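Just so you know, these numbers come straight off a predicted model, no measurement behind them.
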Amino acid sequence: MKKAFTMAEVLITLGIIGIIAALTIPNLIEGYKKKENIAKLQKAYTILNQAFKRSQIDNSDYQYWSSGVDIGIDAFYKQYWHPYFKIVTICDTYQKCGYTSNTPWLYSDGTKSGTIFSDRNYRVPFITSDGILYSMSIASGNASNKSNTILVDINGSKNPNQYGIDTFIFIPTESNVIMPYGYNYSYNDIEYNCNKTGDYCAAKLMADSWDIKGNYPWK
């Protein structure tokens, strides 16, 4: 007599396999997504610093650059940023680059951010050949617009458009490198801000050796 599994045994085994798969596959997918996003962020960070270095070779060290207040935002962008990226689209409007709103981003806690996508008096966004959005804040004559931060959306207009997940902030420094925004604050301050708004999430990832650890707002 040949031994074989009964239909009931096969169904029970398949059911157990299905339960295990249901429990493990989502975690595997989420783990892969985290690693993918961090890899894209590191790539964007490398590209930023390469562009920054090349611009300084042509235009002198960062601390000696003219300001947007002095030469105008368009002139600043065209001289110091535009030649050093593989740009496919300059986003004159949010629609031009596939976004659905002029305030498309969420803070890390899920609330709506007031960050403006496109503002010709303040911000120049563009998409590069790898689909990454870089949005250059350029200091203007407006007293409220003195920032030179750089917003990076690693997957462009694709969701979730949320700080700490696919959207991050960097800043040029007088050490002639670009660093994650908030890099010079204490770890506790960085972690608190990352969970509240997400401005400092790139700084937290760098402090944690480019890994999602501890109290990180991945949702």
Side-chain angles (χ1 to χ4, degrees), residues 34 37-52 55 62 68 73 76-77 80-81 85 91 94 97 99 101-119 122-128 130-140 144-208 210-212 215-219:
K34 288 178 180 178
N37 280 22
I38 289 174
K40 287 181 179 179
L41 176 62
Q42 288 178 296
K43 176 184 178 182
Y45 182 51
T46 298
I47 290 171
L48 271 175
N49 269 297
Q50 289 174 343
F52 194 46
S55 183
Y62 172 65
I73 290 171
F76 185 98
Y77 164 74
Y80 296 115
W81 291 128
F85 292 87
C91 308
Y94 63 86
C97 286
Y99 288 82
S101 166
N102 202 37
T103 52
W105 294 290
L106 301 174
Y107 288 127
S108 56
D109 64 3
T111 60
K112 184 77 171 177
S113 167
T115 304
I116 296 173
F117 179 85
S118 182
D119 183 340
Y122 177 38
R123 189 182 293 279
V124 181
F126 55 84
I127 299 279
T128 52
D130 52 10
I132 298 173
L133 174 92
Y134 297 88
S135 184
M136 305 303 193
S137 298
I138 299 171
S140 73
S144 64
N145 291 340
K146 298 301 182 184
S147 173
N148 285 320
T149 57
I150 301 166
L151 180 147
V152 176
D153 192 333
I154 59 174
N155 59 357
S157 61
K158 295 178 183 177
N159 287 331
N161 291 327
Q162 186 167 353
Y163 284 85
I165 298 180
D166 60 354
T167 305
F168 302 89
I169 306 292
F170 294 90
I171 188 167
T173 71
E174 292 195 357
S175 298
N176 299 322
V177 294
I178 289 174
M179 294 292 290
Y181 192 44
Y183 75 96
N184 51 340
Y185 286 85
S186 72
Y187 186 83
N188 287 340
D189 287 341
I190 289 171
E191 187 169 60
Y192 175 82
N193 175 280
C194 179
N195 279 275
K196 185 66 177 176
T197 66
D199 290 355
Y200 298 174
C201 280
K204 176 168 170 54
L205 288 171
M206 176 178 275
D208 289 336
W210 298 106
D211 195 7
I212 293 176
N215 188 21
Y216 192 90
W218 182 275
K219 300 174 183 178

Item to complete: Go through the steps for Lys34 and Trp218 under the test side chain to side chain contact (heavy atoms under 4.5 Å, CB included), then give the verdict.
Response: CA-CA 9 Å; Lys34 288 178 180 178; Trp218 182 275; 3.5 Å; yes

Worksheet entry | Steps toward side chain to side chain contact (heavy atoms under 4.5 Å, CB included) verdict (Tyr163, Thr115) | CA-CA 11 Å; Tyr163 284 85; Thr115 304; 2.8 Å; yes

Fill in: Candidate pair Asp130 and Thr128, rule side chain to side chain donor-acceptor pair (under 3.5 Å), full reasoning
CA-CA 5 Å; Asp130 52 10; Thr128 52; 2.6 Å; yes

Worksheet item: What's the verdict on side chain to side chain contact (heavy atoms under 4.5 Å, CB included) for Ser137 and Leu151, showing C-alpha distance, side-chain angles and the deciding distance?
Response: CA-CA 8 Å; Ser137 298; Leu151 180 147; over 6 Å; no

Discussion item. I'd like to know whether Asp208 forms a side chain to side chain contact (heavy atoms under 4.5 Å, CB included) with Tyr187, so could you lay out the CA-CA distance, the side-chain angles of the two residues, the decisive distance to 0.1 Å, and finally the verdict.
Written reply: CA-CA 10 Å; Asp208 289 336; Tyr187 186 83; 3.0 Å; yes

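For Ser55 (side chain) and Trp81 (main-chain N/O), no donor-acceptor pair under 3.5 Å exists by modelled atom type. Side-chain N or O atoms of Asn215 include none that pairs as donor or acceptor with a backbone N or O of Asn195 at under 3.5 Å. Listed for the Asp166 side chain is a donor-acceptor partner under 3.5 Å among the backbone atoms of Gln162. Although no hydrogens or angles enter the test, the distance criterion places a donor-acceptor pair under 3.5 Å between the side chain of Thr173 and the main chain of Ser175. For the pair Tyr45 (side chain) and Ile178 (backbone), a donor-acceptor distance under 3.5 Å is present.
Residue Ile132 holds its CD1 atom at 5.0 Å from CD1 of Ile47, rounded to the nearest 0.5 Å. Of the inter-residue distances, the one linking Phe85 atom CZ with Phe126 atom CZ reads 4.5 Å to the nearest 0.5 angstrom. Of the inter-residue distances, the one linking Ile169 atom CD1 with Asp199 atom CG reads 6.0 Å to the nearest 0.5 angstrom. Once rounded to the nearest 0.5 Å, the distance linking CD1 of Ile138 with CG of Asp119 reads 11.0 Å. Between the CD1 atom of Ile171 and the CG atom of Asn184 there is a distance of 8.0 Å, given to the nearest 0.5 Å. In this structure, CG in Leu106 is found 8.5 Å from OG1 in Thr167, a value given to the nearest 0.5 Å.
For the side chain to side chain donor-acceptor pair (under 3.5 Å) test, residues two or more places apart in sequence or in another chain that qualify with Asp153 are Tyr99, Trp105. Taking Tyr62 as the reference, Phe52, Trp65 meet the ring-ring contact (aromatic ring centres under 6.0 Å, His included) condition, with sequence neighbours excluded.
Using bins of under 30°, 30° to 60° and over 60° for the plane-to-plane angle, the ring pair Tyr200/Tyr181 lands in the perpendicular bin.
If you check the side chains of Asp211 and Tyr216, you find no donor sitting under 3.5 Å from an acceptor. Counted by atom type alone, Thr111 and Asp109 present one or more donor-acceptor pairs between their side chains at under 3.5 Å.
The two atoms that bring Pro104 and Ser101 nearest to each other are CD-O, 3.5 Å, heavy atoms only. Closest of all the heavy-atom pairs between Gly156 and Asn161 is O-OD1, 3.2 Å. Considering every non-hydrogen atom in both Thr103 and Ser113, the closest pair reads CB-O, 3.8 Å. Contact between Lys196 and Tyr107 at its shortest, heavy atoms only, is O-CB, 4.1 Å. Nearest heavy-atom pair, Leu48 versus Met136, reported as atom, atom and distance to 0.1 Å: CD2-CE, 4.1 Å. The two residues Cys91 and Ile127 have their closest heavy-atom pair at SG-CG1, 3.9 Å.
Counting heavy atoms from C-beta outward, Leu41 and Phe168 have side chains that approach closer than 4.5 Å. Two residues are said to be in side-chain contact when any heavy atoms from C-beta on lie closer than 4.5 Å; Phe117 and Leu133 meet this criterion.
Remark: Tyr192 OH is loosely packed, at most 12 non-hydrogen atoms of other residues, nucleotides or ligands lying under 6.0 Å away. Crowding of Lys158 atom NZ: a count of heavy atoms from other residues, nucleotides or ligands under 6.0 Å not exceeding 12.
Pairs engaging residues 154-203 under the disulfide bond (SG atoms under 2.5 Å apart) rule: Cys194-Cys201 [sequence neighbours left out].
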